[in-house]
Amino acid sequence: MAEAAVRLEALPEGLQRKLRGRPRAAVTKQRTTLRLSREILEHFRATGPGWQTRIDHALMDWLEGRGRLG
């Protein structure tokens, strides 16, 4: 099986990007469980992909508005 191995650099660039996977984020987030009202979840989910990040930004804005972050 090892005889069939090919170095990543020998593959086409498009395939290299797919095989490398998603790049690591500079700032990571912590997984948690949070209970929110149905209305909040429905609103943010209706905005499409990235809804969890938008909730994170909304909470950041809320904290910054109260001078508790920054």
Check the pair Ile55, Leu36 against side-chain contact (heavy atoms from CB on, under 4.5 Å), reporting the backbone distance first and the verdict last.
CA-CA 11 Å; Ile55 290 175; Leu36 300 171; 4.1 Å; yes
Taking salt bridge (Lys or Arg N to Asp or Glu O under 4.0 Å) as the definition, give me every residue that meets it alongside Arg66, ordered by chain and number, with sequence neighbours left out.
none
Spacing of Arg35 atom CZ and Ile40 atom CD1 [to the nearest 0.5 Å]
15.0 Å
His43 and Trp51: CA distance, side-chain angles, deciding distance, side-chain contact (heavy atoms from CB on, under 4.5 Å) verdict:
CA-CA 9 Å; His43 170 78; Trp51 62 271; over 6 Å; no
Just by modelled atom types, is the Gln52 backbone N or O under 3.5 Å from a matching donor or acceptor in the Arg45 side chain?
no
Measure the spacing between CG of Asp61 and CG of Asp56 and express it to the nearest 0.5 Å.
9.5 Å
Verify the cluster assignment for Leu59 and Leu63: are they in a single hydrophobic cluster under the rule of side-chain heavy atoms below 4.5 Å apart?
no
For Arg68 and Trp62, which heavy atoms make the closest approach, and how far apart are they?
NH1-CH2, 4.1 Å
Ignoring hydrogens, what is the shortest heavy-atom contact between Glu9 and Gln16? Give both atom names and the distance.
O-NE2, 3.3 Å
